[in-house]
Amino acid sequence: MTTMDSRPLDVTAVRADFPILSRTVRDGKPLVYLDSGATSQRPTPVLDAERRFLETSNAAVHRGAHQLAEEATDAYEEARAKIASFVGATPGEVVFTKNATEGINLVAYAMSNAATAGPEAERFSVGPGDEIVVTEMEHHANLVPWQQLCQRTGATLRWFGVTPDGRLDLSEMDQLINERTKVVAFAHQSNVLGTVNPVETLVRRAREVGALVVLDACQSVPHFAVDFAELGVDFAVFSGHKMLGPSGIGVLYGRRELLEVMPPFLTGGSMIELVRMESSTFAPPPQRFEAGVPMTSQAVGLGAAVDYLNAVGMDRVAEHEHLLAERTLDGLRSLPGVRIVGPQNTVDRGATVAFVVDGIHPHDVGQVFDSLGVAVRVGHHCAWPLHRACSIPASVRASFYLYNELSEVDALVNGVREAQRFFGVGGAA
Amino acid sequence: MTTMDSRPLDVTAVRADFPILSRTVRDGKPLVYLDSGATSQRPTPVLDAERRFLETSNAAVHRGAHQLAEEATDAYEEARAKIASFVGATPGEVVFTKNATEGINLVAYAMSNAATAGPEAERFSVGPGDEIVVTEMEHHANLVPWQQLCQRTGATLRWFGVTPDGRLDLSEMDQLINERTKVVAFAHQSNVLGTVNPVETLVRRAREVGALVVLDACQSVPHFAVDFAELGVDFAVFSGHKMLGPSGIGVLYGRRELLEVMPPFLTGGSMIELVRMESSTFAPPPQRFEAGVPMTSQAVGLGAAVDYLNAVGMDRVAEHEHLLAERTLDGLRSLPGVRIVGPQNTVDRGATVAFVVDGIHPHDVGQVFDSLGVAVRVGHHCAWPLHRACSIPASVRASFYLYNELSEVDALVNGVREAQRFFGVGGAA
Amino acid sequence: MDLESMYQEVILDHYKNPHARGLREPYDAESFQVNPTCGDEVTLRVRLDGDTVADVSYEGQGCSISQASTSVLTDLVIGRSLKEALAKLDAFTELMQSRGEAEPDEDVLEDGIAFVGVAKYPARVKCALLGWMAFKDAVGRTSTSEVTSP
Amino acid sequence: MDLESMYQEVILDHYKNPHARGLREPYDAESFQVNPTCGDEVTLRVRLDGDTVADVSYEGQGCSISQASTSVLTDLVIGRSLKEALAKLDAFTELMQSRGEAEPDEDVLEDGIAFVGVAKYPARVKCALLGWMAFKDAVGRTSTSEVTSP
Ligand SMILES: Cc1ncc(COP(=O)(O)O)c(C=O)c1O
Ligand SMILES: Cc1ncc(COP(=O)(O)O)c(C=O)c1O
């Protein structure tokens, strides 16, 4: 793949790094993978890095005094440093979790643990009268943990609605985020609508009332350059598997001074300072939040994924996806009987496009796609309340990544035509 | 590797499957890896299985309706079924976690969540007056989560002591486990002493008082045939990385009827039934306990590890380790100034041998080993209270596995001699 | 893959013209079932008359497969003895879990045999079973019935 | 690896015959530090006399490296100005984090330069710094001192 800075992304070269993309499905159809919003594929350098680690340096990290343990610890911590700098963080601000979902749960549980964790933890404590603010477009991962926190503590959940064109309805922001607000949690980019939310506006308001900001960056970090320090958020999460890295690893970012005083969540080995039968004290962050033998080779793999993305260049990735989004929106808009769910243009939106086809259930549309070798996702994409708000039971979602070709957009558009033809509904020419 | 049932384990053949074992360390010394208690190494078939999955069938599981998603879901669920049958469980009783530590935390948090989870969850609820019983030989992973549960709920932690020969002191079992006891949590095999604890006795007493039994099977499942149903425990945990499988995956076993009514822990995608902004309901087990995109390729890898162990035969593994333990105990006992921490013979004990050398701090002993290419662990091995109980600050631990040769025991014994020589202490001949 | 093997004519017919649709009174028990991955849902009512399934009525939203299979269900069970109906439930469930390997018995499943192609697609099996699960659940909730779990 | 590069004679001497060991009164501040991976611990007291480090006394258990480096620490800082002592703390910390690449200044670190071999072993760096971290912490706790964090 090219690393020359002025040239656009060389998709052919990129694709050559992804073995799975050259397979066929359903009786010899070339795979058109448009489900990267669910999980991305892995390039050979990532697979190789993990394997090399396992064949040469595998050991338990931060626990051994032999050469393998040293090498493993170095590899693990180097990966942390690399990943931290990828998102504008320091290594101590990067906690490895199993996925983004765990990261959000970590913060939510630390907040309920604050009730019994002593005076230092006071600023995390929530209870009756306190409010947690989310949005109606959240992935279940950034909704249910907050519902549960409210259930455990008696706090109240409130939320932003969504406008008809798929943006956050900020018209009542100042009422919604108020002096009682303890947390404002929202997606950087919606995994359904593709909408990129106005982080700056929300952070500014949250600061005014002293609320913590939790950013769900699952769909932003893989797709464009993100700097958490610059965004000014307090916490953020993302998952390795959506950014060319392994499954089983995610990241919780937390501002240093918050992690310093936040109570632990999972407890056990490697996160302690002193253990007695009666009680224990805990290590400083990030170790305090990494209990047990961690996902070592997966951290190494995620480090290699970051190297890969850096070599391609995140701006180039974003630019390529912009082209894909534009062509997809144009293509789908040209079809009668197709309704795009979310912003109709590419302003503040990524290359994730959800839509419905009049007269055909999304599951049936998806089946037609599948028969053509086009892998999309159908259903509510873990954003059921959003679908309810849009008055649709489900949708079809095509989500693109750096390895998708423009011609794959055409496969998508043709797939819709084929579905309309097969089910004999509107507009099939 | 051989699969003929009467022959002993063919170590040479096994070793050929582990690329890392042929590397050298510290200026060309052959690696003698005696730290499998911390983490095991991975054989090529496991690495290959994971890579094959990633290069051909990788997709988000339980979420897609395209061919890749189908294949990935099948691979993930087949792995679950395989792993379940390896430990005498049904697939629905196997919950994938990131490690054993998460599994124990899952149960401990589900128990504090029971307070606000409705009447069905009543049997998991704990509070002031209730007691949780652990042992002094627990790994921090099976101690700190229970301390924290007590801190959250006001319950009381109690524990079994350890006898001078490294066994559980059961003399006051009937007082310790009583009508107030809600949970009895203990290690199947100690990760320091090698002691195999009397599960049957403890389960019987726990049953009498209606307490739940949580078995930490981290050091048993990798080393001998274990059947949770037969043992009659309620919950059990183990980690993939200690049994030839990937890091980043562990298993929580729970009896079906308990998982059915246990409140969720981590919440988010894939574990829900219905989600509304106001509240949510949850899927049946095991999905209820697997929030977010799971460790898919790691499950496939762990499935391959189980295949590998089955092909070798767990009885053969146990027998081989028995020989290693015997030779280690004999060898160390033959040295003056060496004290074995734990049972002095191989009755109800595995091939994990901790010891101290008079006049040399364990860290310094470990350094000598390291210089000879022998990888052992030094410190408290995440069992600090046990070391305090034994009145030692730390110990050296050699932990063996199926790929260790008898000659590696000799390297260990020679290493002790070399340490005694270097530091000029007792018995150096 | 050829789409026709999944979407047999019979299935599309039931989808476009569902039988016995709509919620009716009176009824003995109701069940609400949902497919959490796609949001498909069905509300289904059962009325028993002694040992006979006197009526099954339903309302729901979902894909062609879930809608058609519920429509087929009503054809198969209304007017049958509970025992016969549960046997059909068993047969249909078994067919759907066969991964497309089964040879369905047309005498038992009638239009239901058209779903053999669906059974090849695990993600759609849940769709095909949605209404059937609701039927099973609703029957279980009627006080008169003695359900032997299929 | 040759063991002699880590366990230089100087280190073993300090280990076998530690200087200034034992806890003494009076003192201005005390610090307890522990290495959570291996359980090594040290309790260290500092007494300041104006701007001078009048005494450092300690008690602890641990490996040769942690014990020897604490003994070396007392040689280096007792009787020095606080400023000089903190400069030595900086120099020693830097040496230990150098991965064995640094060229330590014998004028500043004296016996401390013997630890250059230890710096190659990340797992032992914490051992070597244990007493020094206790010193830093204890100084920070004395009310008179103005510590510029190293
Ligand atoms: C007995 C025992 N329990 C629990 C654990 C924790 O396992 P993990 O760190 O994989 O969660 C270990 C290993 O570290 C162990 O040996
Ligand atoms: C916006 C968003 N948030 C959270 C998640 C949850 O990520 P994971 O399942 O990797 O924890 C996802 C993806 O599933 C997502 O798209």
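Just so it is clear: chains get the letters A, B, ... in the order the sequence lines come, proteins before strands, and each one is counted from 1.
If you check the side chains of A:Y33 and B:N58, you find no donor sitting under 3.5 Å from an acceptor.
With values rounded to the nearest 0.5 angstrom, B:K98 atom NZ is found 7.5 Å from A:E290 atom CD. Rounding to the nearest 0.5 Å places CG of B:D27 at 8.5 Å from CD of A:Q67. Distance check, rounded to the nearest 0.5 Å: CD of B:Q147 to CZ of A:R276 gives 11.0 Å. Between A:S270 atom OG and B:H140 atom NE2 the span is 10.0 Å, to the nearest 0.5 Å. Atoms CG and OG1, on A:L266 and B:T97 in that order, are 10.0 Å from each other to the nearest 0.5 Å. Atom CE of residue B:M277 and atom CG of residue A:L143 lie 5.0 Å apart, to the nearest 0.5 angstrom.
Most heavy-atom pairs under 4.5 Å with chain B: of the set A:H241, A:M295, A:R388, this distinction falls to A:R388. Of the listed residues (A:E71, A:H381, A:H363), the one with the most heavy-atom contacts under 4.5 Å to chain B is A:E71. Ranked by heavy-atom pairs shorter than 4.5 Å toward chain A, the options B:V378, B:N113, B:D35, B:I249 are led by B:N113. Per-residue counts of heavy-atom pairs under 4.5 Å with chain B were compared for A:G292, A:A389, A:A299; the largest is that of A:G292. Of the residues considered (B:H139, B:E136, B:E278), B:E278 shows the highest number of contacts with chain A, using heavy-atom pairs under 4.5 Å. Taking chain A as the reference chain and counting heavy-atom pairs below 4.5 Å, the highest number among B:F96, B:F369, B:F282 is found for B:F282. Contact tally against chain A (heavy-atom pairs below 4.5 Å) for B:G379, B:A69, B:S57: the top residue is B:S57. Contact count against chain B (heavy-atom pairs under 4.5 Å) is highest for A:G269 among A:G366, A:G269, A:S297, A:P264. Heavy-atom pairs under 4.5 Å with chain A were tallied for B:T116, B:I104, B:L21, B:L106; the largest tally goes to B:T116. Chain B forms the most heavy-atom pairs under 4.5 Å with one residue out of A:V374, A:D48, A:T44, and that residue is A:D48. Highest contact tally toward chain A, considering only B:M271, B:H66, B:E138, B:K242, is held by B:H66 [criterion: heavy-atom pairs under 4.5 Å]. Most heavy-atom pairs under 4.5 Å with chain B, from the set A:A38, A:G248, A:C382, A:P385: that is A:P385.
Closest of all the heavy-atom pairs between A:S280 and B:V144 is OG-CG2, 3.9 Å. When all heavy atoms of B:T101 and A:G268 are compared, the pair lying nearest together is CG2-CA, 4.2 Å.
With a threshold of 4.5 angstrom between heavy atoms, A:T153 does not approach chain B through any atom at all. Neither the backbone nor the side chain of A:N142 comes within contact range of chain B; no heavy atom of the residue lies under 4.5 Å from a heavy atom of that chain. Using a 4.5 Å cut-off between heavy atoms, B:S279 touches chain A through its backbone atoms (N, CA, C, O) alone. Contact of B:I272 with chain A is made through the side chain alone, with heavy-atom distances under 4.5 Å. With a 4.5 angstrom heavy-atom cutoff, A:R51 touches chain B only via side-chain atoms. Only the backbone of B:P294 comes within contact range of chain A, judged by heavy atoms closer than 4.5 Å. B:T24 does not touch chain A: none of its heavy atoms, backbone or side chain, sits under 4.5 Å away. For a residue to count as touching a neighbouring chain, one of its non-hydrogen atoms must lie under 4.5 Å from one of that chain's; by this rule B:V134 touches chain A with the side chain only. B:S40 touches chain A through its backbone: at least one of N, CA, C or O sits under 4.5 Å from a heavy atom, while the side chain does not. Both the backbone and the side chain of B:Q151 come within less than 4.5 Å of a heavy atom of chain A. Only the side chain of A:Y109 comes within less than 4.5 Å of a heavy atom in chain B; its backbone stays farther off. Only the side chain of A:L68 comes within less than 4.5 Å of a heavy atom in chain B; its backbone stays farther off. For B:R152, the parts sitting under 4.5 Å from any heavy atom of chain A are the backbone and the side chain alike. For chain B, the nearby part of A:L31 is the side chain; its heavy atoms alone come within less than 4.5 Å. Heavy-atom distances place the side chain of A:L157, and not its backbone, under 4.5 Å from chain B.
Put simply, the side chain of B:S247 reaches to within 4.5 Å of the side chain of A:Q298, judged on heavy atoms. Between A:N105 and B:F265 the shortest side-chain heavy-atom distance does not fall below 4.5 Å. Contact annotation: the side chain of A:V293 never approaches that of B:S239 to less than 4.5 Å [non-hydrogen atoms, C-beta and beyond].
Of the possible polar contacts, none joining the B:R42 side chain to the A:E55 backbone as a donor-acceptor pair under 3.5 Å is found. Under a 3.5 Å cut-off, the side chain of A:Q148 and the backbone N or O of B:T267 do not form any donor-acceptor pair.
Here B:R26 pairs with A:E70 in a salt bridge; the nearest charged N to carboxylate O distance falls below 4.0 Å.
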